[in-house]
Protein chains: 2
Amino acid sequence: MALINPTHQEAVTTADKVFEKMQQAIVEGKIIAGSKISEPELAKQYQISRSTLREALNRLEKCHLVERKANVGSRVVECTIEGLLEIYVVREALEGMACRQAAINMTDEDILEMQTMLKQHASSQALQDGVAYYQEEGDLDFHYKVILGSHNQQLINILCGQLYHLVRMYRFQFGMNSPRASRAFDEHSRIIEAIADRDGELAELLMRRHIAASRKNIEKKIAEKNIQQATK
Amino acid sequence: MALINPTHQEAVTTADKVFEKMQQAIVEGKIIAGSKISEPELAKQYQISRSTLREALNRLEKCHLVERKANVGSRVVECTIEGLLEIYVVREALEGMACRQAAINMTDEDILEMQTMLKQHASSQALQDGVAYYQEEGDLDFHYKVILGSHNQQLINILCGQLYHLVRMYRFQFGMNSPRASRAFDEHSRIIEAIADRDGELAELLMRRHIAASRKNIEKKIAEKNIQQATK
DNA sequence: CTAAGTTAAATTGTCGACAATTCTCTGGTT
DNA sequence: AACCAGAGAATTGTCGACAATTTAACTTAG
């Protein structure tokens, strides 16, 4: 899985390593969302000093996984429906623009690589129970490559550096295995086609529709759940 | 000047105060862009310990004003033309979306307040040498209010918390007093009109054109300067 | 004179202790 | 019984010192 972030420089210092461990733990819910973080307790747990832990907390704050208030402490960010929808709105805007830029700035080799990647996903999806795979890793991988293809460092930083892990957290904790996999695949195909045609306007439009469709799908689910609860 | 960020919580701790001072110093170029930051030196300069200074540096890193490499140190971010254009691309996407959301989520009172604010700007602009004023503060103020009007916390965080100070830095250091002030005023008026009409699609379109126009204006200037240099 | 290797200085990362603030629990008053 | 006040405990912010790493300066071989 070539899901490696060029922005992401490998962890050399101990604070980095603890940061990565905590990041994973938060994404997977092992450190539960919304809970308060006790510096002394976690420092003891990870066998490090409080200063080092605070350094790690600062990096978690940078990717919006924890929030801190002065003289009060840090809390893990909460997973709310509103928060999830807000992220989709931001992604629609930013990934749409990234797609437009990718149509301008991606090299022919990059495009070819993405096309072959999509074919691989298609076969492995058809082969076995690939729906989950596709939805989990393949989808992120696709979006990732488009973002990198924009060659816009600001876009890459915001989307891959900050929002990426928040998205992963929501996927993990809300269990996003929606039945949109096959439709998503078609949408991905058309997006790559537009990029290959160097049609930035269409590429942006398609990507925005693609993400908006996911958001509306979630909104629909929520609405259904609310009706269910109201009528019982 | 009601340019207060609700995101921005006032500085209570000393690290916060140093952070704000350094932020201002970087924006104004008193700490020169691209220069390396010496922790011991700055700690002595601000009369604080290195730990506190590092805390401040972490916050500067959060709003992308400094960059840090492990075991090497921190550098003030550089102001490059490419970086400026990248920011405009991100702003076009995000503020466009913020504008669309503002058309949905702003209250009638908020809209009325923005309309009166714009009229004030108009009169004070016509009154005296308001062009600079409008361009410097008024423009930021307008964009600020639209962003807040989106009521999307993610959008607000990214635009007001992170990009805002970078934009200020570029304005200050590149001396953006372009002659687009009067045209910008008309564009602002139309944007508010669209928001008042609750026409999110149009509001987004107009905001994107507004920002794209600024970007193209800069690109044109750069091109002219390059030709000048080439022919002399 | 250049280039590589080695040593010394400087800088960054980490630690434990102290100060300042906040939270909690107890006791008293209306 | 509810609410406010105050002392104690716990937590966060800040400090100075030490360890690890990088940068520089110097020496020496080619």
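Every chain is numbered from 1, with letters handed out A, B, ... down the list of sequences.
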Name the atoms and distances for all side-chain donor-acceptor pairs under 3.5 Å in residues 96-103 of chain B, with sequence neighbours left out.
residue	atom	partner	partner atom	Å
B/Arg100	NE	B/Glu204	OE1	2.3
B/Arg100	NH2	B/Glu204	OE1	2.8

Query raised in the report: Tell me, which pairs form a salt bridge (charged side-chain N to carboxylate O under 4.0 Å, His left out) where one or both residues lie in residues 155-164 of chain B, sequence neighbours left out?
Result: none
Report task. Taking salt bridge (charged side-chain N to carboxylate O under 4.0 Å, His left out) as the test, write out the residues that go with A/Glu39, two or more places apart. Result -> A/Arg50, A/Arg54
Requested in this report: Using the test salt bridge (charged side-chain N to carboxylate O under 4.0 Å, His left out), find all partners of A/Glu86 that sit at least two apart in sequence or belong to another chain.
Outcome: none
Requested in this report: List in chain and number order the residues that pass side chain to side chain contact (heavy atoms under 4.5 Å, CB included) with A/Arg215, two or more places apart in sequence or in another chain; answer none if no residue qualifies.
Outcome: A/Leu85, A/Tyr88, A/Val89, A/Glu92, A/Ala212, A/Glu219
Detail all sub-3.5 Å separations between protein N/O atoms and N/O atoms belonging to nucleotides 12-20 of chain D.
residue	atom	partner	partner atom	Å
D/dT12	OP1	A/Lys36	NZ	2.9
D/dT12	OP1	A/Ile37	O	3.4
D/dG13	OP1	A/Asn71	N	3.2
D/dG13	OP2	A/Arg54	NH1	2.5
D/dG13	OP2	A/Arg54	NH2	3.1
D/dG13	O3'	B/Thr13	OG1	2.7
D/dG13	N7	A/Arg50	NH2	2.7
D/dG13	O6	A/Arg50	NH1	3.0
D/dT14	OP1	B/Thr13	OG1	2.2
D/dT14	OP1	B/Thr14	N	2.7
D/dT14	OP1	B/Thr14	OG1	2.3
D/dT14	OP1	B/Ala15	N	3.3
D/dT14	OP2	B/Thr13	OG1	3.1
D/dC15	OP2	B/Ser49	N	3.0
D/dC15	OP2	B/Ser49	OG	3.3
D/dC15	OP2	B/Thr52	OG1	2.4
D/dC15	N4	B/Ser51	OG	3.4
D/dG16	O6	B/Ser51	OG	3.3

